[in-house]
Amino acid sequence: MNSKFLKPYDPTSSESRIYKLWEESGLFNPDNLVKEGFIEAQAVPYTIIMPPPNVTGILHMGHGLMLTIEDVLIRFARMQGKRTLWIPGTDHAAIATQSRVEKDILKTEKQSRHDLGREEFIKRVESFAKESHDTIASQIRVMGASCDWSREAFTLDDKREIAVRTAFKRMYDQGLIYRGERLVNWDPKGQTTIADDEIVYEEEKTKFYYLKYGPFIIGTTRPETKFGDKYVVMHPLDERYADYKHGDKINLEWINGPIEATVIKDERIDRELGTGVMTITPSHSQVDFDLATTHGLDKEQIIDTKGKLLPIAGEFAGMKIKDAREKIIEKLALKGLVEKIDENYIHNIATAERTGGIVEPQIMTQWFVAVNKPFKIPHSEINGIKGGEETTLKEIMRKPVESGQIKIEPGYFDKTYFHWINNLRDWCISRQIWYGHQIPVWYKGEEVYCGIEGPNDGGWTQDPDTLDTWFSSALWTFSTLGWPEMTEDLEIYHPTDVLETGYEILFFWVARMVLMTGFCLGTIPFKTVYLHGTVRDAKGRKMSKSLGNGIDPIDVAKEFGADAGRMALVVGTSAGTDTNISKDKIKGYKNFSNKLWNMARFVLTYNESFEYSDNKVLGPKWNERIEEWKKEKEALTKELESMRIHNAAERLYHYAWHTFADVIIEDAKKVLLSETTSEEEQGEAKYILYYLFVEILKALHPFMPFVTEEIWQELPHKKDRPFIMVEKW
RNA sequence: GGGCGGUUAGCUCAGUUGGUAGAGCGCGUCAUUGACGUUGACGAUGUCAGAGGUUCGAGUCCUCUACCGCCCACCA
């Protein structure tokens, strides 16, 4: 027995050494597993593509949970003899990364991205991203993730660039990507458009003004947008306004003098709300824009992209929204046009998630993906959608989940998924930022060209916008496998088996992967979606910098070992529910690592050498124990196959400690320490200890890969496989 | 405003198709120079949020109520 067993288990010295051994063996790569004969070439493939962490910083406990769950599934599949592939990668996270670097540069150099220029700025972002990537890659290793580094990908590397441009061009050619004037969410602070999902609504107390608009009273929180309001809208069945007919012209006194207003009747107006009458500002409000579009009304821009009033505001032109608001009310009050002011009006304002800027809707030319437009899908393996027939991207998202072809775990998220799809509007994919995939469209005068490469002849300018970061992540399951080339990887490993991710990105990402895979490949990206919850502190609070309650997975690995951290993350954590973690909990599993270590010490004390034999006959007492274990193992396998990882982990912990150590070892001890037992009896006791211990190590390996491998390497019996990692389940 | 989830032991949570309640931590008593004190044995604690229903039988299925949390949403 190696003398290291005489000391308590020290994870820090083992873990990095063991990871290195694994990595150098090349056995994270399924090609090598086949080459070296550990699995059959025809074996069932099992694939997970790692959700790429953003290169905006370092990994947190949420990533720790993600990596643990995926590694458990992967190691389990590998031990079951499947052709197991787990591809790691990182995400360029366009806006998040750009604004992070912008902030840094502003702080240290007092420069903006415009001061540096596009090229120089991109260089800075790239160097930041590189550094962040390296940190992340090493953290993933610390967690013990057995992913295939030879296939590592980045959402903004050369291969993925080709995939993105190919997908874009195909959609463009199908008419599913179009450029249009639409009302978009403009972030004046970030100077870019943002997606609906990137908005955070915040409650704000503001004033609600009732203004006299000719014979009507209109309510508003935003008098500064009212300069161009020359349409007054009401419900066609509202009896209070029956005297006014659609199209009537009314002359009235307004902010900067007399105007002519036109009456519009539309049933979308809520009669109960306010006075039941509204004026509209199509340029800066979605409802108003829709109304104006239906009735063919003028759309005048009132506020510019910096958040200042335009010349239409007359004397207020050039003022900021906040400053102008009070001044306008003062003027209206002087004219006697203010009926009433409600001082305590609570409403939600839209702010940009990344910058905190107050979103100002603007009419702009942007690129969109049409989700409701019918198109002919050439080939389809999606349940409920036939190749060669017409469908829509929305259908492509809905059908696989509806038909059960894609299973979402936990199941109740189906409802949320459908609810979201039903309310989905066209996806705005252009962003006015620099870091990301630049839109593969070039202009020369009136000519427009879309292609994988720019046109060869001179005089063309590429569209300056970049794509929403989710556009490239939506291709992730197949861009990582070599698409648009029809590679062997793509053939073998796609569709992938499991997408494991946090429930908060079900819409941003999961739904869009389904969309893109359906469009590009006519199939589904994955068979199962496993959604994990948020990792919280011991009191159930979100971990945050301001609270200082965060736990760093790397610190955990240093203090308790990655194995302990993994167990603590996984036990008691069912799909879709949040999990609380504390140092006490992690410490409990460090103790467990040590317990295993000491079991090894005891077992090896009595088994300096060991011969496995398949037909070893044991007495009934020990036989019962073996039967008991077999049942336990069956139950475990079932739990793992149904992805109830928490149950499997808990069962194993309980079996190893409270059955094997507390009962079986104690029983064996009685035999081994007694003077009166025969040699045969002693042999049986030794055998059962060794046999069951090895079984436990194997079963525990997916959960606690390091300590189990470390012990396995010291076992005396002749092993035909170099690592427990590639042992048979 | 719309949708979804939760409410089980002091704490954190399991509980697969309905069959007399479980784990970990914590707590109490005791043990122990024997693989391990990062230990062992034994033990206590629950009207499973409340009300009603279906059933031979409900933590589990149905309805309602209360509280907590999350997501979505352009209320002028």
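All chains are named by letter (A, B, ...) in the order of the sequence lines, taking the proteins before the strands, and each is independently numbered beginning at 1. Note that these values count all heavy atoms, side chains included, but never hydrogens, waters or copies made by symmetry.
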> Please give, in whole Å, the distance from A35(B) C1' to Lys686(A) NZ?
Replying inline: 15 Å
> In the 5'-to-3' direction, what one-character label does each nucleotide of nucleotides 3-11 of chain B receive under the scheme B = base within less than 4.0 Å of a protein heavy atom, S = sugar-phosphate only, - = no such atom?
Replying inline: -SS------
> Within the distance-only criterion (no hydrogens, no angle test), does the side chain of Asn647(A) pair as donor or acceptor with the backbone N or O of Glu639(A) below 3.5 angstrom?
Replying inline: no
> Which whole number of Å gives the distance between the C1' atom of C13(B) and that of G53(B)?
Replying inline: 30 Å
> Using a cut-off of 4.0 Å between protein heavy atoms and nucleotide atoms, how would you tag nucleotides 62-69 of chain B 5' to 3' with B, S and -?
Replying inline: --------
> Listed by chain and number, what are the ring pair (Phe, Tyr, Trp, His ring centres under 6.0 Å) partners of Phe706(A), not counting sequence neighbours?
Replying inline: Trp22(A)
>> Can you list everything that forms a ring pair (Phe, Tyr, Trp, His ring centres under 6.0 Å) with His246(A)? Sequence neighbours excluded, please.
In response: His295(A)
>> List the residues meeting salt bridge (charged side-chain N to carboxylate O under 4.0 Å, His left out) with Glu326(A), not counting sequence neighbours, and say none if there are none.
In response: Lys207(A)
>> In whole Å, I'd like the distance from the CZ atom of Phe289(A) to the P atom of A76(B).
In response: 20 Å
> What residues form a ring pair (Phe, Tyr, Trp, His ring centres under 6.0 Å) with Tyr653(A), not counting sequence neighbours?
Replying inline: Tyr589(A), Phe592(A), Trp657(A)
>> With no hydrogens and no angle check, just 3.5 Å: does a side-chain donor-acceptor pair link Tyr503(A) and Asp578(A)?
In response: yes
For nucleotides 22-28 of chain B, list the nitrogen or oxygen atoms of the protein found under 3.5 Å from its nitrogen or oxygen atoms, one pair per line.
unit_1: A23(B); atom_1: O2'; unit_2: Glu650(A); atom_2: OE2; d: 3.2
unit_1: G24(B); atom_1: OP1; unit_2: His658(A); atom_2: NE2; d: 3.4

> When rounded to the nearest Å, what value does the distance between C1' atoms of G19(B) and G57(B) take?
Replying inline: 7 Å
> P atom, G28(B) versus A44(B): distance in rounded Å?
Replying inline: 16 Å
>> Cation-pi check for Phe703(A) against Arg566(A): NZ or CZ below 6.0 Å from the six-membered ring centre and within 45 degrees of the axis, yes or no?
In response: no
> Please give, in whole Å, the distance from A14(B) P to His646(A) NE2?
Replying inline: 7 Å
> Between A76(B) atom C1' and Tyr241(A) atom OH, what is the distance in whole Å?
Replying inline: 13 Å
>> Applying side-chain hydrogen bond (donor to acceptor under 3.5 Å, both in side chains) as the test, list every pair that has at least one member in residues 410-419 of chain A; sequence neighbours left out.
In response: none
> Rounded to whole angstrom units, what separation is found between the CZ atom of Phe216(A) and the C1' atom of A76(B)?
Replying inline: 15 Å
> Are more than 12 heavy atoms from other residues, nucleotides or ligands located less than 6.0 Å from atom NZ of Lys587(A)?
Replying inline: no
> Mind checking what makes ring pair (Phe, Tyr, Trp, His ring centres under 6.0 Å) contact with Tyr231(A), not counting sequence neighbours?
Replying inline: none
>> Taking the basic N atoms (NZ, or NE/NH1/NH2) and the acidic carboxylate oxygens, is any pair closer than 4.0 Å for Lys630(A) and Glu632(A)?
In response: no
>> Dot-bracket for RNA chain B, please. Rules: Watson-Crick or G-U, both distances under 3.5 Å, ( ) within the strand, [ ] when a pair crosses earlier ones, | for another strand, . otherwise.
In response: (((((((..((((.....[..)))).((((((....).))))).....(((((..]....))))))))))))....
>> If the condition is salt bridge (charged side-chain N to carboxylate O under 4.0 Å, His left out), which residues does Lys4(A) pass it with, not counting sequence neighbours?
In response: Glu710(A), Glu714(A)
>> So, using salt bridge (charged side-chain N to carboxylate O under 4.0 Å, His left out) as the criterion, who are the partners of Arg398(A) when residues are at least two apart?
In response: Glu395(A)
